[in-house]
Amino acid sequence: AGSPPMLKGHHCTACGRVFFPPDPYSCERCGASLDRLEPVDLRAAGTIRAAAQVHRHRHPSPTAPFTVAIIELDDGPVLKSVVLDAGDGDVGARVRGVLVTSAITEHTVDLRFELETS
């Protein structure tokens, strides 16, 4: 397995917050203007902080059951994503991002996470 994908985020030079996705207007914490926000690359790897297994939903993809987790990225921000083959999604488990062909259209990719293996 190669390196996880990189995500594009913002770093606020006024308060130090790093966030994803980038905000096109201002810092979500302190309100600093766009000129105080610097682009930052964030590694799509982190730790599961909370998880839930979804057994029913109205869309054809992903196929139920699947796990949705709150993931704290190593670089700071927290996001929600599907975790592939996660079972119940053990809190504290290490995950890394992977790009998968979208089930909706073959011309796009979706970011998903998978459990890291030693």
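Here the structure is a predicted model, which is why all the values come from computation and not from measurement. Index from 1, following the sequence.
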Margin query: I need the minimum non-hydrogen distance between Ala51 and Thr67, along with the two atoms involved.
Written below: CB-CG2, 4.0 Å
Margin query: Has Arg94 got a side-chain atom pairing as donor or acceptor with Gly46's backbone, closer than 3.5 angstrom?
Written below: yes
Checklist line | Nearest-0.5 Å distance, SG of residue Cys30 to CZ of residue Arg17 | finding: 10.0 Å
Notebook entry, point to check: Say you draw a straight line from NE2 of His11 to CD of Glu38; how long is it, rounded to the nearest 0.5 Å?
Noted result: 6.5 Å
Notebook entry, point to check: Between atom CD of Glu114 and atom OG of Ser81, what is the distance when rounded to the nearest 0.5 Å?
Noted result: 11.0 Å
Item checked: From Leu42 atom CG to Phe19 atom CZ, the distance as rounded to the nearest 0.5 Å -> 10.5 Å
Check: How long is the span from the CG atom in Leu73 to the OG1 atom in Thr47, to the nearest 0.5 Å?
Finding: 9.5 Å
Next item on the list: Mind checking the CG-CG spacing from Asp85 to Leu115? Nearest 0.5 Å is all I need.
Entry: 8.0 Å
Item checked: Check against side-chain contact (heavy atoms from CB on, under 4.5 Å), Phe20 and Leu79 -> CA-CA 8 Å; Phe20 174 83; Leu79 54 85; 3.8 Å; yes
Check: Side chains of Val40 and Asp75: closer than 4.5 Å at any heavy-atom pair?
Finding: no
Notebook entry, point to check: Does the distance from a Lys or Arg side-chain N to an Asp or Glu carboxylate O, for Arg96 and Glu116, drop under 4.0 Å?
Noted result: no
Notebook entry, point to check: Is a donor on one side and an acceptor on the other found under 3.5 Å between the side chain of His10 and the backbone of Arg36?
Noted result: no
Item checked: 4.5 Å side-chain heavy-atom contact, Pro22 and Pro39 -> no
Notebook entry, point to check: Side chains of Val78 and Ile70: does their closest heavy-atom pair fall under 4.5 Å?
Noted result: yes
Check: What are the two closest heavy atoms between Ala44 and Pro4, and how far apart are they?
Finding: O-CB, 3.3 Å
Next item on the list: Would you please indicate yes or no on a ring centroid separation below 6.0 angstrom for His57 and Phe66?
Entry: yes
Note to self: Taking Asp74 first and then Arg43, would you say they form a salt bridge - that is, a charged N and a carboxylate O separated by under 4.0 Å?
What the structure shows: yes
Next item on the list: With side-chain contact (heavy atoms from CB on, under 4.5 Å) as the test, would you mind laying out the steps for Ile71 and Phe113 before giving the verdict?
Entry: CA-CA 9 Å; Ile71 299 166; Phe113 283 79; 3.5 Å; yes
Notebook entry, point to check: Can you tell which of Val109, Leu84, Leu111 makes a side chain to side chain contact (heavy atoms under 4.5 Å, CB included) with Val100?
Noted result: Leu84
Checklist line | Trace of the side-chain contact (heavy atoms from CB on, under 4.5 Å) decision for Asp41 with Leu7 | finding: CA-CA 6 Å; Asp41 289 335; Leu7 306 174; over 6 Å; no
Next item on the list: Specify the closest pair of heavy atoms between Pro5 and Gly97, including all atoms of both residues, with the distance to one decimal.
Entry: CD-O, 3.0 Å
Notebook entry, point to check: So Thr13 and Leu37, side-chain contact (heavy atoms from CB on, under 4.5 Å) or not? Walk me through it.
Noted result: CA-CA 6 Å; Thr13 60; Leu37 304 181; over 6 Å; no
